[in-house]
Chemist: 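Attaching a single structure in structure tokens format; questions to follow.
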Amino acid sequence: MKANHVAVRVPDLAQAIQWYADKLDFRFVHEWVFGDLKLAYLAAPNDDSFWLELIGGGAPDKKAAYADLGESLQPAGYHHLCFAVDSVDETLVELKQRNVRIVSEAFTLPSISRRLAFFADPWSNLIELAQVIED
């Protein structure tokens with residue numbers, strides 16, 4: 001098996017496509033209709049091997065808007081999507097300049113040799129940044 005995509009439910013597909021393009025530089029790949037829903041695939045700026053599927057339309061239930069990472073770890077189920085970056089700190093600076101909501105500032109986990117941070121899209125879907133750190 002190999003990962004292909006992850007789906008994220010949003011109320012407005014056009015707004016979500018615009019947010020992911022403006023804030024994260026995602027690229028539009030394809031759009032289609034399924035019943036009364038509109039869906040689209042987006043690709044990260046420099047990766048064509050894994051896509052983000054946005055599912056828009058209707059009136060989906062709102063997700064909790066967590067104020068911090070610890071609070072977000074309480075409910076069972078899907079938690080976040082993670083993207084590898086060269087520098088978590090530099091990426092956070094750029095995201096803050098783009099007015100992205102940061103949920104957790106950068107922190108280091110030596111046990112997995114990673115520097116991490118979390119942010120959220122406007123619909124409270126959590127996204128992790130991960131940087132491999134050298135000893």
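Keep in mind that the numbers below use all heavy atoms, side chains included, and drop hydrogens, waters and symmetry copies. One-based numbering along the sequence shown.
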Chemist: How long is the gap from CZ on F50 to CG on N4, to the nearest 0.5 Å?
Modeler: 7.5 Å
Chemist: Could you label the plane-to-plane angle of the W32 and Y41 rings as parallel, tilted or perpendicular, counting under 30° as parallel and over 60° as perpendicular?
Modeler: tilted
Chemist: What is the distance from atom CG of L54 to atom CZ of F26, rounded to the nearest 0.5 Å?
Modeler: 9.0 Å
Chemist: I need the full list of salt bridge (charged side-chain N to carboxylate O under 4.0 Å, His left out) pairs touching residues 2-20, with sequence neighbours left out, sorted by first then second residue.
Modeler: none
Chemist: Tell me whether R98 is salt-bridged to D25, with the criterion being a basic N under 4.0 Å from an acidic carboxylate O.
Modeler: yes
Chemist: Look up atom OG1 in T91 and atom CZ in F119, then write down how far apart they are to the nearest 0.5 Å.
Modeler: 9.0 Å
Chemist: Would you kindly confirm whether F107 and F83 end up in one hydrophobic cluster when ILVMFWY residues are joined by side chain heavy atoms under 4.5 Å apart?
Modeler: no
Chemist: Compare every heavy atom of R27 with every heavy atom of P45, then report the nearest pair and how far apart it is.
Modeler: O-NE, 3.4 Å
Chemist: Quick one: pull up CH2 in W123 and CD in Q15 and give me the separation to the nearest 0.5 Å.
Modeler: 5.0 Å
Chemist: Let me know which of V10, L13, L37 forms a side-chain contact (heavy atoms from CB on, under 4.5 Å) with I55.
Modeler: L37
Chemist: I need the minimum non-hydrogen distance between S124 and A64, along with the two atoms involved.
Modeler: CB-O, 3.3 Å
Chemist: Counting only heavy atoms not in E90, do more than 12 sit closer than 6.0 Å to its CD atom?
Modeler: no
Chemist: Do L129 and Y66 share a hydrophobic cluster, counting only Ile, Leu, Val, Met, Phe, Trp and Tyr and linking them when any side-chain heavy atoms are less than 4.5 Å apart?
Modeler: no
Chemist: Is it true that S87 and D89 share a donor-acceptor pair across their side chains at a distance under 3.5 Å?
Modeler: no
Chemist: Closest approach of L95 and I102, non-hydrogen atoms and distance?
Modeler: CB-CD1, 4.3 Å
Chemist: Strictly below 4.0 Å, N to O, side chains only: are K23 and D121 in salt-bridge contact?
Modeler: no
